[in-house]
Engineer: 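Below: one structure in structure tokens.
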There are 2 protein chains.
Amino acid sequence: MSTERRSFRREPEERRREQLITAALDLMAEGGPKAATVRAITDRAGITPGLIRHYFSSKDELIRAAYRYSMERMTAQGAAAADAVAGDDPLAALAALVRSSLRPPVMEGERVRLWAGFLHMVHREPAMREIHEATYLGFRDEVQRRIARLPHVTGPDHARRLAIAVNAVIDGLWLEGGTLPGCFAGAEIEEIGLTAVSAILGVALPGSAGEV
Amino acid sequence: MSTERRSFRREPEERRREQLITAALDLMAEGGPKAATVRAITDRAGITPGLIRHYFSSKDELIRAAYRYSMERMTAQGAAAADAVAGDDPLAALAALVRSSLRPPVMEGERVRLWAGFLHMVHREPAMREIHEATYLGFRDEVQRRIARLPHVTGPDHARRLAIAVNAVIDGLWLEGGTLPGCFAGAEIEEIGLTAVSAILGVALPGSAGEV
DNA sequence: CCCTTAGTTATACGTTTGTATAATTTTTCG
DNA sequence: CGAAAAATTATACAAACGTATAACTAAGGG
């Protein structure tokens, strides 16, 4: 009983690479780094294990590409949220940034766990570390740029420290909201985020309560 | 050339379990979950691989015990920092809590990465999830209890939302300070933390700048 | 001092992992 | 339409993984 070879279709290189990357990211988000084995990845991508090394020189290189891909996607989504605000009111833009960071699809358990799963590789491999720092600093710079335009901010150093604090609240709420979804009601985290950022900046962001 | 058996000493059960647990935690902190193999753990603990199953029914159970151990240790350290404050001034206690959370040994890259490495297991296994939630809520409740004693806080719900925000700033700064140690100068993170918490609470914590 | 008990080592086993390579099929081009 | 080229499958392999078990050795009580 000679088992038949499975039929296949040739695909452009870029498409295959993306299939492999998204398969790896999905698996890592669902089951952690250990779930993203070569066989599981190629299974989900609809190909056979041997093909992985036709598009990436090793599994590690695929994982690196996947990390780069996921970070670029996240950055693009964040930037889009802020740019979507009509006009150039810095308060409205900051509020939009806070809101979009603290609700799906950004604030999601799988997203947080995916990020956490990469942390060790990020620390070890310089290439991934650079991506990590650039992404963090990129987001923070965007926050800082809008903060610098607020009337009562005294200078670049002041704006920088405000941005660090604002970024921290967002990150902390993102973390807690993502990992403990049952502990918060509805849009509670968004409201708390807006109110806390308002307090830190000493301004009233649209949508925040008068008091924290 | 018959190789000699290595000599050994019998040790009490508790000691062996602790050796295995700390070895596992060290390895996970340094190289991630994937570095904590049975052989690496027993090597570092100074014993041979077969012995691991004499003290734990499986490797997974050892990892669970290690997670419980690390969380209990962290909670105890945090509580000690706040209790060490003389008198019962809630502002001084909150400031001490913020400070101790934002400097070593709590704010350290290895600590953050260890925590991140556990995240997936925490999500999957109910027993670990309970520990995670209890630890988070335990810390937050302690923060909330001190906040509730501030004169201008209106009620339990107000205190709760303030505690969530304060906890988020601390977590966010802990994360960023731990993973990007080169991006911040000296005690900068501590100062930013104190000033941000002061702004959120609408009080002046000792050690914070007048403005954020 | 020997003998029992249990802690410890040594060895082995089946599985899974990442990778390498040969065989085969699809696509393309003359 | 046939042949060359390239993508894809199938198979194999060494290494490492968690685990099971047998052999040994340290410790304690008679």
Side-chain angles (χ1 to χ4, degrees), chain A residues 1-25 27-28 30-67 117-118 120-121 124-125, chain B residues 1-21 23-25 27-28 30-67 117 120-121 124-125:
Chain A
M1 78 186 220
S2 69
T3 163
E4 300 219 338
R5 265 193 175 229
R6 61 188 271 182
S7 67
F8 60 88
R9 268 181 39 207
R10 296 188 170 184
E11 298 282 356
E13 172 168 348
E14 182 130 353
R15 178 151 162 63
R16 275 279 130 92
R17 290 175 66 94
E18 192 172 322
Q19 286 176 330
L20 286 166
I21 285 173
T22 56
L25 288 175
L27 284 164
M28 283 190 70
E30 293 168 15
K34 132 185 164 174
T37 67
V38 168
R39 282 162 181 85
I41 292 168
T42 51
D43 260 27
R44 183 163 300 210
I47 58 177
T48 52
L51 200 50
I52 199 172
R53 263 185 50 79
H54 199 265
Y55 291 104
F56 297 93
S57 71
S58 71
K59 182 201 166 184
D60 276 357
E61 200 199 290
L62 162 59
I63 299 298
R64 273 191 288 273
Y67 178 67
F118 275 119
H120 268 284
M121 275 177 282
R124 201 167 6 253
E125 308 206 22
Chain B
M1 80 185 220
S2 68
T3 161
E4 299 219 341
R5 268 193 173 227
R6 63 189 269 186
S7 65
F8 59 89
R9 267 181 41 207
R10 298 187 169 184
E11 298 282 356
E13 172 168 348
E14 183 128 354
R15 178 149 163 65
R16 275 280 130 90
R17 289 175 67 94
E18 192 171 320
Q19 285 177 331
L20 286 167
I21 285 174
L25 289 175
L27 284 164
M28 283 190 69
E30 293 168 16
K34 134 184 165 180
T37 67
V38 168
R39 285 163 179 83
I41 292 168
T42 51
D43 260 27
R44 183 162 302 209
I47 56 176
T48 52
L51 201 50
I52 199 173
R53 264 185 50 78
H54 199 266
Y55 292 103
F56 296 94
S57 73
S58 72
K59 182 199 166 184
D60 275 358
E61 202 200 289
L62 162 59
I63 299 299
R64 273 191 289 274
Y67 178 67
H120 268 284
M121 275 177 281
R124 202 169 6 256
E125 308 205 22

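Note on naming: letters A, B, ... go to the chains in the order of the sequence lines (proteins, then strands), and numbering restarts at 1 for each one.
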Engineer: Rounded to whole Å, how long is the line connecting atom CZ of B:Arg10 with atom P of D:dC24?
Structural biologist: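 Spelled out: CZ on B:Arg10 to P on D:dC24 is 16 Å.
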Engineer: Considering every strand and a 4.0 Å limit on heavy-atom distances, what is the contact class for B:Phe56: base, sugar-phosphate, or nothing?
Structural biologist: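 If one applies the 4.0 Å heavy-atom cut-off, B:Phe56 turns out to touch nothing in the nucleic acid.
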Engineer: Rounded to the nearest 0.5 Å, what separation is found between the OH atom of A:Tyr55 and the OG1 atom of A:Thr42?
Structural biologist: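 Reported to 0.5 Å precision, the distance equals 13.0 Å.
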Engineer: Could you state the atom-to-atom distance from CG of B:Leu51 to P of D:dA26 in whole Å?
Structural biologist: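 Atom-to-atom, B:Leu51 to D:dA26, this comes out as 15 Å.
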Engineer: When we call it a touch if two heavy atoms are under 4.0 Å apart, what does A:Arg6 touch: a base, just sugar-phosphate, or nothing?
Structural biologist: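 Answer is sugar-phosphate: A:Arg6 comes under 4.0 Å of backbone atoms only.
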Engineer: When the nearest nucleotide of DNA chain D is assigned to B:Ser58 and to B:Ser7 on a heavy-atom basis, which residue is associated with the more 5' position?
Structural biologist: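 It is B:Ser58, whose closest nucleotide lies nearer the 5' terminus.
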Engineer: A:Lys59 side chain to A:Ile52 main-chain N or O, any donor-acceptor pair under 3.5 Å?
Structural biologist: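 Side chain of A:Lys59 to backbone of A:Ile52, a donor-acceptor pair under 3.5 Å: no, none is there.
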Engineer: Report the C-alpha separation of A:Leu20 and A:Leu51 in whole Å, then their side-chain angles, then the decisive distance to 0.1 Å, and conclude whether the side-chain contact (heavy atoms from CB on, under 4.5 Å) test is met.
Structural biologist: CA-CA 10 Å; A:Leu20 286 166; A:Leu51 200 50; over 6 Å; no
Engineer: Base, sugar-phosphate or nothing for B:Thr48? Non-hydrogen atoms, less than 4.0 Å.
Structural biologist: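 Contact class for B:Thr48: base.
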Engineer: Taking atom types as they are modelled, is there a donor-acceptor pair under 3.5 Å from the base of C:dT9 to the side chain of B:Arg5?
Structural biologist: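 Pair found.
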Engineer: Calculate the interatomic distance between A:Ile41 atom CD1 and C:dT19 atom P; express it in whole Å.
Structural biologist: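 Rounded to the whole Å, the gap is 10 Å.
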Engineer: Would you check, one step at a time, whether the test side-chain contact (heavy atoms from CB on, under 4.5 Å) holds for B:Ile41 with B:Leu27?
Structural biologist: CA-CA 7 Å; B:Ile41 292 168; B:Leu27 284 164; 3.8 Å; yes
Engineer: Touch check for B:Glu13, heavy atoms < 4.0 angstrom, all strands: base, sugar-phosphate only, or nothing?
Structural biologist: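 Here B:Glu13 touches no strand at all.
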Engineer: For the base of D:dG18, is there a side-chain donor-acceptor partner from B:Arg39 under 3.5 Å away?
Structural biologist: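 Indeed there is one.
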Engineer: Just to verify, which of B:Glu61, B:His54, B:Arg53 counts as forming a side-chain hydrogen bond (donor to acceptor under 3.5 Å, both in side chains) with B:Ser57?
Structural biologist: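 Among the candidates, only B:Glu61 passes.
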Engineer: May I have the distance from A:Ile63 (atom CD1) to C:dT19 (atom C1'), rounded to whole angstrom?
Structural biologist: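 Distance, rounded to whole Å: 15 Å.
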Engineer: For C:dT8, does either OP1 or OP2 sit under 4.0 Å from a side-chain N or O belonging to B:Tyr55?
Structural biologist: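 For B:Tyr55, the contact criterion (side-chain N or O under 4.0 Å from OP1 or OP2 of C:dT8) is met.
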Engineer: Tell me what A:Ile52 touches on the nucleic acid: a base, only sugar-phosphate, or nothing, going by heavy atoms under 4.0 Å.
Structural biologist: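 Nothing, no nucleic acid heavy atom in range.
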Engineer: Measure the distance from CD on A:Glu11 to P on D:dT9 and round it to the nearest whole Å.
Structural biologist: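 Checked: the CD to P distance equals 11 Å.
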Engineer: For the pair made of CZ in B:Phe8 and P in D:dA26, what is the distance, rounded to whole Å?
Structural biologist: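 Result: 5 Å.
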Engineer: From the options C:dT8, D:dT8, C:dT19, select the nucleotide whose nearest atom is closest to the side chain of A:His54.
Structural biologist: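 Nearest to the side-chain atoms of A:His54, counting from C-beta on, is D:dT8.
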Engineer: For C:dT8 and B:Arg16 - does any side-chain N or O of the residue sit under 4.0 Å from the phosphate oxygens OP1/OP2?
Structural biologist: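 True: B:Arg16 side-chain N/O within range (under 4.0 Å) of C:dT8 OP1/OP2.
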Engineer: To the nearest angstrom, how far is B:Lys59 atom NZ from D:dC17 atom C1'?
Structural biologist: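 Taking NZ of B:Lys59 and C1' of D:dC17, I get 8 Å after rounding.
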Engineer: What is the separation between atom CG on A:Leu62 and atom P on C:dG18, rounded to the nearest whole Å?
Structural biologist: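 Result: 10 Å.
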